[in-house]
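Note on naming: letters A, B, ... go to the chains in the order of the sequence lines (proteins, then strands), and numbering restarts at 1 for each one.
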There are 2 protein chains.
Amino acid sequence: MPPSPDSSPDVKARKPTLRTVADATGFAVTTVSRALSDDPRIAKSTRETVAAAARKLGYVPDRAARRLRTGRTQVLTVLLNAEHEFLGFTAELLNGLSDALRGTGYSVTIVADRIGEDRMEVVDTILRNRLADALFFTRTEAFDPRVRLLMETGFPFVSHGRTEFTTPHPWVDFDNTAFARAAVERLIARGRTRLSLILPEDRFTFTQHLRYGFVSACREAGIAHEIEPRVTLDSPAAEIAEAVRRRRRSADPPDGYVCVGEVAALSTLSALADTGGRPGVDADLVAKRASPIFDMIRPRIDTVFEDIRATGSTMAELALRRLDGEDPAALTRLFSPSCDWQQG
Amino acid sequence: MPPSPDSSPDVKARKPTLRTVADATGFAVTTVSRALSDDPRIAKSTRETVAAAARKLGYVPDRAARRLRTGRTQVLTVLLNAEHEFLGFTAELLNGLSDALRGTGYSVTIVADRIGEDRMEVVDTILRNRLADALFFTRTEAFDPRVRLLMETGFPFVSHGRTEFTTPHPWVDFDNTAFARAAVERLIARGRTRLSLILPEDRFTFTQHLRYGFVSACREAGIAHEIEPRVTLDSPAAEIAEAVRRRRRSADPPDGYVCVGEVAALSTLSALADTGGRPGVDADLVAKRASPIFDMIRPRIDTVFEDIRATGSTMAELALRRLDGEDPAALTRLFSPSCDWQQG
DNA sequence: TAAACCAGTTGTAACGTTTCACAATTCGCG
DNA sequence: CGCGAATTGTGAAACGTTACAACTGGTTTA
C-alpha cells in the first residue's frame, strides 16, 4: 500500500477525543459529551450508540481538559507522615485507599507532611491552587488547624481520627478507648497488678481516648497504674527502651504493659530482656498491631489488631460520598478492636 | 466604603492567572508567559518586572491549563506493591521521592500494582492516557515487560533494580551481590560451617545477584551451603518459619542464615526459638534491614543496612534528569551495603 | 390557527496556558 | 539617510472538555 501521508486518517494514532467519537457516530460533540455522562436529556438509544462507539474507539476523557473546564481535579491527596506508631502503616493505608478508588477515575497523590515544618503550608498550597478534590490525613488533633481551615473553606476531607469540633465532619477512627480497656482487662485477668502505658503526644485526639480508656478501666478495677512521663510514642525507639529499662530498675516496677503499636511493644520487649525480665513470666504485654509481625516474635504476646487497610478503603469511600454531596455528619466510621489473646 | 459589586476588581478573590499579571504590569499575556519562563527574547528588565508582579500577586501557573496545552502532566507515578521484603519499605521510598521532588512542581501519584493481576494493564493505561510524565517501580525482572514497553515507547522511567536488556536505562539498585558476600564472610568469621539462604522469586533480577554472591562466596571459602527450596521471600511468613523449622529438625541443619529482609529474619528467629535453637549460640543470622527494628530485637543480630529513603530520592533525581534530556546510560546508581556487625 | 410546549439535539464560548506567525521599534553600518 | 537585521513585543489559535442558550420539528393547548 502506498503511503498517503495526508489523506489517511490513521497516519498518527492520535488519542481519541470527543471529536473522534462525534465524527464516528454523526452526533455533535456536545451530544456525545452528554451521552457519555448519561444525561437524561439525551435519548436512550443515542446514549447507547455513543457508548458503544466510545468503547470501540477506546475513548477516555482527557483529565487535563476536564479539569480545566470544571475545576475538578479528579485527584485525592494524602498528607504523608514520615513516622508512625505502626510498621507498614503507610503501605497499608495507601493500598486500602487505592483499592477502593480503582475504577472510579480518581487518582491518589501523596505529599510529604514533615514533622517540625509548617503543617498548614502544604494544605494552603493545595487549597489555593486547587491541586486536589479532597484531602486525607492522619494523626488528627483535638482542634486540628487543618480541619478548621478545611471546614471553613468547605473543602472536602476525611481525617483519620476524630476532633473535638462541634461541627461534624467525615472521619474514620479506631476505638482506642475500647482497645485500652480491653488491654487493661486482659492484663488484670492474667494476674497483673501494676499497669503501665506509653502515650503518643498530648495534642493528638487519640491520646486522650487511650488515656481515658486506660485510666478509667484501671480505676474501676482498683488497680495500680501509671503513664510513663519521660517519653511519648514518637520518641526514638532507643529512648523508649531506655525509659522502660530505668523504670524496671526502680522501686515497684510495672508488671503489665499496654503498648500502642509495634515500635513501643518491641522497645518494651527489648527493655524487658535487657533487665532480665521474661515476658509472660515477670511481666505481660498487650500490643496494638497492624502487621503480622507479632506472629514471629517469641514468646508470643497478646495483641489487638487495627485494620489499616480497611481504614484506608473506608476513608476513600467516605470521601467519594462526601464529593457526591452526602451529609458530612453521616460520614463517620469507628472501627472496633479485634482481640487476639494467646492461650493460657 | 460602599459596596461596588461590579466595578471593584476584588469582589471575588479569584485565583490570579496570566491575565491578572498581564493587566497589572501592562504587558500582554504572551509576554508574561515568556517572561516567567525566562525566555531570552524578553528583555531582562521586563522579566524582572513581571516576576516581581507575579510574586506579589501570588500567581501560580494552572496545572490543568499547562497540561492541556503542553501534554506534560507534571506528575510522576509510583507503581505500588502491596508486599515487600522490608517493613516500612513503601513509607521510606515515598518519603524519599517526595523529599527530592518538593519545590520542583512535580507531584507524586501512586497506583496499586496488585500481584496476580496483569501488571501491564496499569502501565498501558498510564501510557495511553498520558497520566504521568514518568514512572517508578520496584521488583524489577531480568527482562521486565514493563521496562521493555517503556523503552519501546520512549516513556521515561526509573526502575528499582537492574535488568538484563542491552539497551541502557535509568535505574537505582542495591548491591545485593556484595551484601550476600559480606554476609557469608561474616558468618564464616563467626565460625559457621553450613550456610542457608532464602531467595525471592526467581524472576526478579536481584534474586540472581543474591544467589551469585552467596554461592560464589561459599564456594571460594569451600563452605557448605544451601538455598531453601520450598519457600521464597514472598511466601507467607508462617510458611517461611515452617520451612526453617522443618530443616532444623532434619539431618545436618544449617548454622548460619543469610536473611534478605526483616520478615525473613524474624521468621527465621522464630523458627530457631521454636526448635530450641539460641541465636548467637546454635546459629547466627545476618539480616538485611531497612528499618531500625533490629535495634529492638534481642539478642542483637548482625545487620546490613539498605537505605530506602536515599533510594527514593535518587530515583526522583534521576527521573528529573531523564526528563531534562540527559543520556539514560548515565542515569544509574548502585548503593553499597553498609554493615553493622555486633561485637564478639 | 397561533401560541406554547416538549424531547432531542446543536453551536458557541470559555477554562488558562503555550506557541505560531507576525508587528513595531530600535540599531548597526555602509 | 536609508535599508536590513536584530530586539522586543503582540494577537490569535489551539489543546479537549463542559455550560449555556438556542434551535429543530413535532405535538398539545387556548
Side-chain angles (χ1 to χ4, degrees), chain A residues 12-51 53-54 57-75 105-107 128-131 133 323, chain B residues 12-51 53-54 57-75 105-107 128-131 133 323:
Chain A
K12 7 167 62 182
R14 282 184 56 72
K15 195 183 136 198
T17 75
L18 280 181
R19 256 319 281 269
T20 322
V21 182
D23 291 350
T25 54
F27 288 104
V29 170
T30 304
T31 309
V32 173
S33 171
R34 289 226 173 106
L36 288 176
S37 60
D38 238 21
D39 191 313
R41 282 173 299 182
I42 302 296
K44 193 107 194 282
S45 61
T46 307
R47 275 182 271 169
E48 280 159 7
T49 314
V50 169
L57 292 167
Y59 168 78
V60 182
D62 183 274
R63 301 170 78 95
R66 172 177 286 180
R67 175 170 171 177
L68 178 60
R69 183 60 241 236
T70 64
R72 268 168 277 130
T73 61
Q74 301 273 96
V75 161
Y106 282 93
S107 61
R128 200 137 25 89
N129 305 337
R130 298 221 173 283
L131 258 28
D133 291 346
L323 289 170
Chain B
K12 8 166 63 180
R14 281 183 58 71
K15 199 183 131 197
T17 76
L18 281 183
R19 257 319 281 266
T20 322
V21 181
D23 291 350
T25 55
F27 289 101
V29 170
T30 305
T31 309
V32 172
S33 172
R34 290 217 173 114
L36 288 176
S37 60
D38 240 19
D39 191 314
R41 281 175 298 183
I42 302 298
K44 194 105 194 286
S45 62
T46 307
R47 275 183 270 167
E48 280 158 6
T49 313
V50 169
L57 292 166
Y59 169 77
V60 182
D62 183 274
R63 300 171 78 95
R66 172 179 286 179
R67 175 171 173 176
L68 177 59
R69 180 62 237 239
T70 64
R72 269 167 277 130
T73 61
Q74 302 274 94
V75 162
Y106 282 94
S107 61
R128 201 139 26 86
N129 305 336
R130 299 217 174 286
L131 260 27
D133 291 345
L323 288 170

Asks: Between Ala64(B) and Thr31(A), just flag the one whose closest nucleotide in DNA chain C comes earlier from the 5' side.
Replies: Thr31(A)

Asks: How close or far is atom P of dC15(D) from atom NZ of Lys15(A), stated in whole angstroms?
Replies: 12 Å

Asks: Just the rounded figure in Å: distance from P of dA19(D) to CZ of Arg67(A).
Replies: 17 Å

Asks: If you check the Ala43(A) side chain, which of dT8(D), dG8(C), dT19(C) turns out closest?
Replies: dG8(C)

Asks: Applying side chain to side chain contact (heavy atoms under 4.5 Å, CB included) between Val50(B) and each of Thr31(B), Ile42(B), Val32(B), report the one that passes.
Replies: Val32(B)

Asks: Students often get this wrong, so: under 4.0 angstrom with heavy atoms, is Thr30(A) touching a base, only sugar-phosphate, or nothing?
Replies: base

Asks: Take atom OH of Tyr59(B) and atom P of dG16(C), then tell me their distance rounded to the nearest Å.
Replies: 10 Å

Asks: Considering all heavy atoms of both residues, which atom of Pro16(A) and which atom of Gly58(A) are nearest to each other, and what is their separation?
Replies: CG-O, 3.6 Å

Asks: Across the strands shown, which category fits Thr17(B) at heavy-atom distances under 4.0 angstrom: base, sugar-phosphate, nothing?
Replies: sugar-phosphate

Asks: Taking CZ from Arg19(A) and C1' from dG16(D), how many angstroms apart are they, rounded to a whole number?
Replies: 11 Å

Asks: Please pick, from dG16(C), dT19(C), dA19(D), the nucleotide with the shortest atom-to-atom distance to any side-chain atom of Ala65(B).
Replies: dG16(C)

Asks: More than 12 non-hydrogen atoms from neighbouring residues, nucleotides or ligands closer than 6.0 Å to CZ on Arg19(B), yes or no?
Replies: no

Asks: For Thr70(B) and for Ala28(B), locate the closest nucleotide of DNA chain D by heavy-atom distance; then report the residue assigned to the nucleotide nearer the 5' terminus.
Replies: Ala28(B)

Asks: Less than 4.0 Å between a side-chain N and a carboxylate O, is that true for Arg66(B) and Asp62(B)?
Replies: no

Asks: For Thr46(A), which contact category applies under a 4.0 Å heavy-atom criterion: base, sugar-phosphate, or nothing?
Replies: sugar-phosphate

Asks: With a 4.5 Å limit on heavy-atom distance, are the side chains of Leu18(A) and Leu36(A) in contact?
Replies: yes

Asks: Which whole-number value in Å describes the distance from Arg69(A) CZ to dA14(D) C1'?
Replies: 16 Å

Asks: In whole angstrom, give the distance that lies between atom CG of Leu18(A) and atom P of dC15(D).
Replies: 13 Å

Asks: Tell me what Arg34(B) touches on the nucleic acid: a base, only sugar-phosphate, or nothing, going by heavy atoms under 4.0 Å.
Replies: base

Asks: Does a side-chain N or O of Arg66(A) approach OP1 or OP2 of dT18(D) to a distance below 4.0 Å, or not?
Replies: yes

Asks: Between atom CZ in Arg63(A) and atom C1' in dC15(C), what is the gap in whole Å?
Replies: 18 Å

Asks: Identify which nucleotide among dT9(C), dG16(C), dT17(D) has an atom closest to any side-chain atom of Pro61(A), counting heavy atoms from C-beta outward.
Replies: dT17(D)

Asks: For Arg47(A) and dT9(C), give me the distance from atom CZ to atom C1', rounded to whole Å.
Replies: 13 Å

Asks: Look at all strands and tell whether Arg41(A) reaches a base, only sugar-phosphate, or nothing, counting heavy atoms closer than 4.0 Å.
Replies: base

